[in-house]
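Written out below as structure tokens is the structure these notes cover.
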Amino acid sequence: MDKKRVLIIDDDEDLSFIMSEMLTSYGYEVTCANTCDQAFFELTDQIFHVILLDINLPEMTGFEVCKEIRKVSTVPIIFASARTSENDRITGLDLGGDDYLAKPYSMKELLAHINAVIRRTYGFTAHEKVVTFGGVAINLTARTVTKEGKPVSLSLREFDLIAYLAEHKNQAIAKDQLLHEVWGTFSEVEPSTLTVHIRWLREKLEMDPGKPKWIKTVWGMGYMLEVPDEA
């Protein structure tokens, strides 16, 4: 399975640390947010594959956080709360939660719920996913890029951008969609930032960055990684 990113939104710092250590040991990338403001900041900074959300938070309830996220994203949300009434569980699911885990729970139970949501949402990856073109190999599973067999150093954003284009190769992707998927749900990044990152990718991956053969501009829309079947 590709390494997935988990955002834990919980004001219990000790519990968050324990959950983070356990999930990291099982191959997840984990970010912890102990306040709602921090959570929304993290959501502007990167893409997450699942959110573990407490209900009793300092500034607003987890239900309110879920409603805000659901306005712009379908990222899976698991409520994890000491509030165990039937009404709370129903409310969480009706607002767009994908699962509800009652505290206290064991770390094994938490892992099982996260794994189940990940499987339902993203499926399994039986083999490494690699997209190749013009001597370039993008390993979507290992998150590496090589050119003529030599490693290419990319920033986190550069890799996420080329990876998204590679996962949707030969499809024209709108600029707004790329900004949403690569920079985050609540990001206010300017379109010019995307343009700059595309230029950097072309300089690192294209033979002639001024006349790109693979990373194409789709005028009036966005960009596309054009990879012929024989590439």
Side-chain angles (χ1 to χ4, degrees), residues 1-7 27-31 39-51 69 72-76 118 121-123 125 127-229 231:
M1 182 181 71
D2 295 350
K3 183 168 284 192
K4 302 298 184 186
R5 299 176 190 161
V6 179
L7 175 62
Y28 287 98
E29 293 182 8
V30 183
T31 300
F40 288 123
F41 173 80
E42 296 295 347
L43 286 164
T44 66
D45 191 54
Q46 60 179 311
I47 297 296
F48 294 95
H49 299 95
V50 63
I51 295 174
I69 294 173
V72 291
S73 174
T74 59
V75 58
I118 290 288
T121 307
Y122 306 102
T125 302
H127 305 286
E128 286 193 338
K129 294 170 60 178
V130 181
V131 176
T132 61
F133 57 91
V136 174
I138 302 171
N139 189 318
L140 299 172
T141 305
R143 293 181 61 84
T144 60
V145 177
T146 60
K147 183 177 181 180
E148 304 299 341
K150 298 179 180 179
V152 178
S153 177
L154 298 181
S155 69
L156 174 64
R157 287 282 183 260
E158 288 171 343
F159 181 85
D160 286 347
L161 178 55
I162 194 62
Y164 191 82
L165 290 171
E167 288 173 338
H168 301 82
K169 62 183 180 181
N170 299 321
Q171 299 177 40
I173 309 296
K175 292 180 180 179
D176 287 347
Q177 183 176 345
L178 286 170
L179 288 169
H180 170 79
E181 294 292 342
V182 176
W183 272 266
T185 301
F186 298 96
S187 175
E188 297 181 357
V189 173
E190 295 294 327
S192 58
T193 301
L194 173 59
T195 303
V196 170
H197 280 71
I198 289 290
R199 186 180 77 239
W200 289 343
L201 285 173
R202 285 170 172 164
E203 290 173 351
K204 292 180 179 182
L205 303 180
E206 295 275 1
M207 293 298 294
D208 184 353
K211 297 179 180 178
K213 183 177 181 181
W214 313 106
I215 306 172
K216 297 292 188 67
T217 298
V218 182
W219 297 109
M221 183 179 181
Y223 300 97
M224 173 174 62
L225 181 64
E226 188 174 83
V227 183
D229 291 338

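Of the possible donor and acceptor atoms, none in the side chain of Gln171 sits under 3.5 Å from a partner among the backbone N and O of Met224. Remark: side-chain polar atoms of Thr217 are not paired, donor with acceptor, to backbone N or O of Trp219 under 3.5 angstrom.
Taking CD from Glu181 and OG from Ser73, the interatomic distance works out to 8.0 Å, rounded to the nearest 0.5 Å. For the atom pair NZ of Lys204 and CD1 of Ile162, the computed distance is 11.5 Å after rounding to the nearest 0.5 Å. To the nearest 0.5 Å, the span separating NZ on Lys213 from CZ on Arg202 amounts to 15.0 Å. Here the straight-line distance linking atom NE2 of His180 with atom OH of Tyr164 works out to 8.0 Å at 0.5 Å rounding. Taken from CD1 in Ile138 to NZ in Lys147, the straight-line distance is 12.0 Å, to the nearest 0.5 Å. Leu205 contributes atom CG, which lies 8.5 Å from atom CD of Glu158 (distance to the nearest 0.5 angstrom).
Contacts of Arg5 classified as side-chain contact (heavy atoms from CB on, under 4.5 Å), with partners at least two apart in sequence or in another chain: Glu29, Gln46, Ile47, Phe48, His49, Arg143, Leu156, Asp160.
Side-chain atoms of Leu165 and Ile198, non-hydrogen and from C-beta on, do get closer than 4.5 Å to each other. Inter-residue side-chain proximity for Tyr223 and Leu161 is flagged as unmet; no heavy-atom pair is nearer than 4.5 Å. Side-chain contact check for Thr31 versus Val6: every heavy-atom pair is 4.5 Å or farther apart. Considering only heavy atoms from C-beta on, Leu43 comes within 4.5 Å of Ile69 through its side chain.
Checking Leu194, Leu178, Thr44 one by one against Trp183, the side chain to side chain contact (heavy atoms under 4.5 Å, CB included) holds for a single residue, Leu194.
In this structure, Thr121 and Pro76 approach most closely via the heavy-atom pair OG1-CG, 3.4 Å. Minimum interatomic distance between Ala172 and Val218 (heavy atoms only, all atoms of both residues): CB-CG2, 3.8 Å. Here the closest non-hydrogen pair linking Thr146 and Val152 is C-CG2, 3.9 Å. The two residues Leu179 and Pro191 have their closest heavy-atom pair at CD1-CA, 4.1 Å. Of all non-hydrogen atoms in Val130 and Ala137, the two that sit nearest each other are CG1-CB, 4.2 Å.
Salt-bridge annotation for Glu226 and Lys169: absent, with no side-chain N of the basic residue lying under 4.0 Å from a carboxylate O of the acidic one.
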Show the numbers, then the answer: is there a side chain to side chain contact (heavy atoms under 4.5 Å, CB included) between Phe159 and Thr144?
CA-CA 8 Å; Phe159 181 85; Thr144 60; 5.9 Å; no
Test Lys4 against Val50 for side chain to side chain contact (heavy atoms under 4.5 Å, CB included), laying out the working first.
CA-CA 8 Å; Lys4 302 298 184 186; Val50 63; 5.9 Å; no
